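Residue numbers begin at 1 in each chain, while the letters A, B, ... track the order of the sequences. Bear in mind that the values here come from a model prediction, so they are computed numbers and not experimental data.
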Amino acid sequence: MKTIRVLVLDDDKTVRESLTAYLEDMGYEAWAMVDAESALAHLARVPADAAIVDIRLPGMNGEEFIRAAHEHWPQMVFLVYTGSPTFQSPTDIRGFKRVSKQIFVKPLSDMNLLHLEIQQMVKKR
Amino acid sequence: MKDKASEPFTQELDEMRQRITALETVNAIYKQSKQLLQTLNQASVAMIQALTPEEIFTAVSEELTRINLTCVVLLTDEKQESLSPKYFNYPTKIIRTAEKLTGLRIEAFSTLIEATDAFKQVVWDKKTIFIEDSKDTLQNILLKPSWQFVNEVVKLLNIPKAINAPLLIEDEVFGIFSVQGANLSEADVPTITTFAHQMAAAWHKSQLFEQINQDIAKRKKTEETLHQRHTQLQTAAEVSHAASSILVIDKLINQSVTLICERFNLYYVGLFLIDKKQKYAVLRAGTGESGSKMIAQEHRLRVGGTSMIGQCVAQSEARIALDVGEEAVRFDNPLLPLTRSELALPMRSRGQTIGALTVQSTEMAAFDTTHISVMQTMADQIAIAIDNANLYAEVQQELAERELAEEKLRKSEENLRITLNSIGDAVIATDTKGRVVRMNPAAEQLTGWTFDEAQGKPLIDVFHIINAKTRKLAENPAAKVMKTGEIVTLANHTTLIAKDGTEHQIADSGAPIQDADDNTSGVVLVFRDVSAEYQMREALRESEERFRSIYENATVGIYRTTPEGKILMANPALVKMIGYSSFEELKKRNLDEQWYDPNYPREEFKRLIEKEGKLIGFSSIWKKSDGTNIIVSESAKALKDADGNILYYEGIAVDITKQKHAERELARAKNYIDNIINSMPSVLIGVDAEGNVTQWNHQAEQVTGLKIKDALGQKLGEVFPRLSLEMEHIKTTMRKREVQENAKIPHRMAGETRYEDVTIYPLLTNGVEGVVIRIDDVTEQVRLEEMMIQSEKMLSIGGLAAGMAHEINNPLAGMMQNAEVLRNRLTGDIPANHRAAEAVGTDIATIRAYLEARKLGVMLDNIRLSGSRAAKIVQNMLSFARKSESKFAPHALDDLLDRTVELAHTDYNLKKNYDFQQIRIVREYEEDLPKVPCEETKIQQVFLNIIKNGAEEMVKGTHGNAPPQFTLRTYKEETMACVEIIDNGPGMSEAVRKRVFEPFFTTKPVDQGTGLGLSVSYFIIVEHHGGEMSVESSLKRGTKFIIKLPFAIREQI
């Protein structure tokens, strides 16, 4: 089976690094990006299968990233992993089937949930 | 059949017939005349023997009747003006009938001669006339109304024709002789005329005869009278004799009447004497049985009354009744029924009528003037005799009286002297000239003069008096008495100066000595030494004045009444109090009837006063004269006589109406204030300057358990221990006169902390020292405040949290994620792990073992747990954030409940130790409960929280060890939908229950739960939804959570 490539987009270092380490441990090819612009640029060179997206980002926020990325890479799936428990996806994004219906709220006590969701969504592609 | 040829013959025949008729008529007339003549002749003969006019007429009329003629004799009056039919021979029956028809009585009939020609000619012209038709005559005689009957009368009386002839005596006409009948003619006139003459002659003769008889009778009478007079005079003389010799009146009068009666042959004689009052004539002597009877009856007649005696005495004139039947003024005496004539004679002596004599005869007109004069003389003589007898008797009596009087006088004189000498008062008597004629020893002593010295001297020498105050000479009392003729009392302040100059205060009076004729013969002076008395009297008077002044001027009522209620005395104040203007008016009211209100306890009053003899401050309601009521307070005493009987009540009365009203007002005000104070939910305690309790309201009783009667007067610290700490404040308050407030002072009570506001108010009015302490339990407020503060805090925390959540979650995520990776890389079966382990000369198993040995895995897990908890807290914090945009939608509560239960089923926690499957769920959902606008997830969160708590509790044990069970109930209240979640767990204590919604309040151990769950739920329900949330619970009884959500969304601030 082809290795699933996951992008971790989060501006928090510890989150970013630990999440990336986990994903690697779980057998994904994972890399982390600090902001949405860099992420998009990188994706242009190296596309990903999934992205774990934080909403609060320095420049462009997570939702906009998802929109933009989805435009270019419609096959990509997105998981929202945010620190704001009150976050609700904007209506349009909510409609995307490529975006996970589940909003993951930091902190996750078990990152396995992410793994399971990625698997599910990629399988559905 | 007559024819002209036989006419002359017929004529002759007629003439002849006429002549024959005439002859026959003449013949008849002749016959008649002859008859008449014959009759009259016979009548003449009869007349000769007649002696009286009646006899004459009878004789004539008899004869005439035989030949069918009636006759009437009418006589003229003296003046020859009228005629009256005196004799007539009409049958009586016919007369009566005629009378009925004409309305005239023949006996009383008289007619004016002038009126009738038939009579005029006869009487005045002395002619005999023939009346062809009597009708006219009759008509003239009769009255007009009877004229209709004229014919009938004529027929009745049979008087169609008449001849009226004059009757003459000595050429004077004294009447008419009228012959009437049918068979009369002119030719009879001479015959009748002649006969009339004869008749007149006979008439005259009879008259003369009568005259002679009368003369003879008269003469006889005169003889008799003379004889009588003789007798009378004799009697009179005898009476006089008797009268003059008898001095005893009774004997005198009895003899007199007897004598008179016998001698004059009288029926009765009575003698009346006038009584002393001159009102009645009293019968004193009377003849016969009647007389005795009447005297026994004390017969009397009123002077001037309707009796002969009465009038006689009154008028002092004789009265005579010749026919007692006719006498108007007469007393008809039943004892003297036979009296026909009476004489009443006044008895006069010395110009006075002293009585009367009554002389009665059985014959009428028994007394003539001679009788009267003789009897009058006798009466007068009797009168004089009576008078004399009286006089004699008087004189005798006078003599006797005089002797008696003299004796009396002598005795009285003796008595007087003894009396005078014995009495204590001094007596001096003077003559009309003011000279001393008598003195008693007391007078001698006071004046210093002996009687011998004083006798004959002027009074003023002996009786030297001056005015006590002015020291001037006082008026001579004797002179004054003599002048006025009346009793004189000397002025109060008289001083007598004795012969030796000693002074005595005296009281005295002088009176005139009057003899039998009411002439003043001197003066008697009575006096005594009153020096002591005078002083005493003065003192008394002054004292009396003082007391009277008090009595009159007192402003309280003073009274004296009888036990029955009669007012004896009432001072002006009392009179005024009851609304009268004078004592007289007041007196009319009797206490028991009108004074008091029917409710007045008069009996009570009497009872009390009789028991003690007095009473004080007895209050009752009195009625004023105008009907209004006043309240009066009385104090009275009962005054008793020697036997202990109550004579009267004396007391004072004060109108306390105003006072009572004021008292009542005061009481009412006090009650009102007390009510207010006791109704206050605050504890109100009044304390005086010394710290003693003066006021203690109902709430104070409740809080301390001490009743007011036990608290009053006690020291504050003793009845309210925790306030003893406030004493300092109290003193400060009193000193500074400022309100002191101490809020939220905590104290422990029944295992919990309660808070009080203690306020101390100084009493500022009327110089009263002290304070009022007000204590309000503000525990609830404090809690509420705290809750509100908490809420606020939470809200702000929520706000913060909202801002911070993201900031905290990231580091937490970083932490936890690293811990997880660590776990994985240390113990996980990952190719990279193996490679790395190999590279360092070990293997995962060894590492794993090492981790195990040092329990590092657990620690890594703990990091993750702690992080989770922190994240949970943050999340919960966010719940306190203010309500964001309304995400309300109508939901059915029972639906939400059911879904929550499902959640609870599927929700599992590694740490949990209950199995939700085992819990029974009982559903009591109201049908058709309307949907409620709410935030679905949040409500579910609330329900879940409650159910989880409940489930955890029920693990500890259930009520009665029954299987654990939830009862889920929904029902409708007016504006709210209600949900009840009931468990049968061990329940909560009250202390816990009260605090269950407090943030961070938890009964769980520290590492379990945050204590936020219920406070968040509370917040959600109350703040976000505007609903209500409460809990009921008791230990061992389970817990019931009640959530109410409004049907209508209300904006929350």
* List the steps and the verdict of ring pair (Phe, Tyr, Trp, His ring centres under 6.0 Å) for B:F997 and B:Y1018. => CA-CA 7 Å; B:F997 294 118; B:Y1018 186 88; 5.0 Å; yes
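- In this structure, the portions of A:D110 lying under 4.5 Å from any heavy atom of chain B include both its backbone and its side chain.
- For A:E24, the part lying under 4.5 angstrom from a heavy atom of chain B is the side chain only.
- Side-chain atoms of A:E117 and A:S100 form a donor-acceptor pair, as typed in the model, at a separation below 3.5 Å.
- For A:L108, the part lying near chain B is the backbone, with the side chain staying farther off; criterion is any non-hydrogen pair under 4.5 Å.
- When all heavy atoms of A:G83 and B:N809 are compared, the closest pair comes out as O-ND2, 2.6 Å.
- Contact count against chain A (heavy-atom pairs under 4.5 Å) is highest for B:R825 among B:M816, B:R864, B:R825, B:E807.
- Using a 4.5 Å cut-off between heavy atoms, A:Y81 touches chain B through its side chain atoms alone.
- With rounding to the nearest 0.5 Å, the separation of CG in A:D12 from OG in A:S18 is 8.0 Å.
- Counting heavy-atom pairs closer than 4.5 Å to chain B, the top-ranked of the candidates A:T14, A:D10, A:D25, A:V15 is A:D25.
- In this structure, B:H1024 and B:F888 approach most closely via the heavy-atom pair O-CZ, 3.3 Å.
- A:Y22 and A:N112 are linked by a side-chain donor-acceptor pair at a separation below 3.5 angstrom, with hydrogens and angles left out of the test.
- Among B:G814, B:A832, B:P811, the residue with the largest count of heavy-atom pairs under 4.5 Å with chain A is B:G814.
- Per-residue heavy-atom pair counts under 4.5 Å with chain A were compared for B:N810, B:I830, B:L822, and the maximum is reached by B:N810.
- To the nearest 0.5 Å, atoms CD (B:Q940) and CD (B:E902) are separated by 9.5 Å.
- Considering only heavy-atom pairs separated by less than 4.5 Å from chain B, the leading option among A:M26, A:M111, A:E17 is A:M111.
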